[in-house]
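In listed order, ligands and their atoms are each counted from 1. The model shown is predicted, which means the values in this text are computed figures rather than measured ones.
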Amino acid sequence: MSGITNADAAARARAVIPGGVNSPVRAFGSVGGTPLSIVSARGPRVTDVTGREYVDLVASWGPALLGHAHPEVVAAVQEAASRGLSFGASTPGETDLAELVVDRLTVAGTAGIEKLRLVSTGTEATMTAIRVARGATGRDVVIKFAGHYHGHSDGLLAESGSGVATLGLPGSAGVPADIAGLTLVLPYNDREAVLAAFDAHPGRIAAIIAEAAGANAGVLVPGPGFNRFLVETAHAHGALFILDEVLTGFRVAPAGWWGLEQAAGETWIADLVTFGKVIGGGMPLAGIAGRAELLDLLAPLGPVYQAGTLSGNPLAVAAGLATLRLADAAVYERVDAAASVVSDALGVALADAGVAHTISHAGSLFSVAFRDGAVRDYADARDQESWRYPAFFHAMLDAGVSLPPSVFEAWFLTAAHDDAALDSILSALPAAARAAADATPPA
Ligand code: PLP
């Protein structure tokens, strides 16, 4: 191609962009080496500045459920662009999308999800959900779980997994102690800790926020009935339950992780649900959904203020609508099947190489931890031989497979991962597992 290498692109970027990246995990901080500079993506593959293709297991960190640049999604965006990029006014497409989401998340005979407010990022969605919960309850304190990531707003960064875990930071500089102090961080899957928090702060807790299934410290699966317990406990104490489906929503099933629990016989309903990633089909779009009485607390109807110049952007809405309309049962079956093939082969390769490992699954999402034994919470996730991952990651990359550049991230399959793409992954795994076996801990 142009003769430019990934190293050239990274060096040029570092001169004018902090760390050369616009989101920290892209810098390859925890795996070392030169980050990829991507110029295009199609189906299950991405192409870097040198013209080299990789089978992609990042999927833009989730949104690319159908694979990259699905022709019908691209056509929908092009058609929308031909009518204008942004109007600063309402559009019929926003209502189409809200109707579609409400329809997917409504259980007959219940008042669960009645309204949706669109924003541009998952961070805004969770930040707004918390503001609504505080506005609704008149209380300040929020419970979150260690290892759960809800975006980078001040109150939600504490022990948040994802990029913060990758960098080994406890939280973030620049967050005032008074704000961090309004967030109680509890161990995941620990019912006693939740009950004790409500006992210790009577009448002060506005909400519990939890990832529907954790996927930002590797996959942290909620124990049986844990989400129901959170809803019931919150309600018993006059607090709300915010279900963060930014990552799992529309990715693990048509109605997200909540839909999987419903299919398994659960009947609980969250007060507020946040979406992102797949809802925008690769464009900046996210949302907060919930009962009308809660969503109507938002301006202009209610006293809780929230706004956005580009909220409900028509191109993003077009991408989201096209993606969700295409995401039928067959799509989820293909993603599930591809995830099983890859996670099974990963387990076999690591076992053959004699590497201690645990693979955790939440629907089609899975992650590997280099340890024996279940990973139930953030402490378990950190208690692993994570130093094996860089060698594993780079062996896969050298073989043309792009994994998430952190052991604390889930692997994302798409409906476009066909046999050829899966074969590339499967043939790369044994050597990568041997590289993990040969890795040595840092001195
Ligand atoms: N919530 C969850 C569960 C996430 O995984 C993420 C991002 O990874 C967010 C919120 C924040 O979303 P965004 O990166 O769009 O701000």
Numbering as shown, the atoms of ligand 1 that approach [X] to under 4.0 Å (heavy-atom distance):
X	answer
Gly151	9 (C), 10 (C), 11 (C)
Leu247	5 (O)
Lys277	5 (O), 7 (C), 8 (O)
Val246	1 (N), 2 (C), 4 (C), 6 (C), 9 (C), 10 (C), 12 (O)

Backbone of Gly218 reached by a side-chain donor or acceptor of Glu409 within 3.5 Å: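 Flag not set: sc Glu409 to bb Gly218 has no pair under 3.5 Å.
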Check: Pro44 main-chain N/O paired with Asp56 side-chain donor or acceptor under 3.5 Å: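 No; zero donor-acceptor contacts below 3.5 Å.
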Side chain, backbone, both or neither: Glu211 near ligand 1, heavy atoms under 4.0 Å: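 Contact part for Glu211 vs ligand 1: side chain (C-beta onward).
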Per-residue contact class, Asp244 against ligand 1 - non-hydrogen pairs under 4.0 Å: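 The part of Asp244 near ligand 1 is the side chain, not the backbone.
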Sidechain N-carboxylate O distance under 4.0 Å for Arg376, Asp380: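 Asp380 and Arg376: salt-bridged.
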Polar proximity ligand 1 side, [X] side, N/O cut 3.5 Å exclusive:
X	result
Gly122	yes
Asn216	yes
Thr123	yes

Mutual orientation of the aromatic rings belonging to Trp411 and Phe366 [parallel < 30°, tilted 30-60°, perpendicular > 60°]: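 Tilted, since the angle between the ring planes falls between 30° and 60°.
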Contact with ligand 1 for Trp61, non-hydrogen, under 4.0 angstrom: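 It does not; every heavy atom stays at 4.0 Å or beyond.
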Exceeds 12 heavy-atom contacts within 6.0 angstrom, atom CD of Glu79: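 Check passes, neighbour count above 12.
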Short side-chain donor-acceptor distance under 3.5 Å, Asp244 and Thr126: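 No, no side-chain donor-acceptor contact under 3.5 Å.
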Steps toward side chain to side chain donor-acceptor pair (under 3.5 Å) verdict (Arg131, Gln306): CA-CA 9 Å; Arg131 193 174 299 151; Gln306 180 278 328; over 6 Å; no
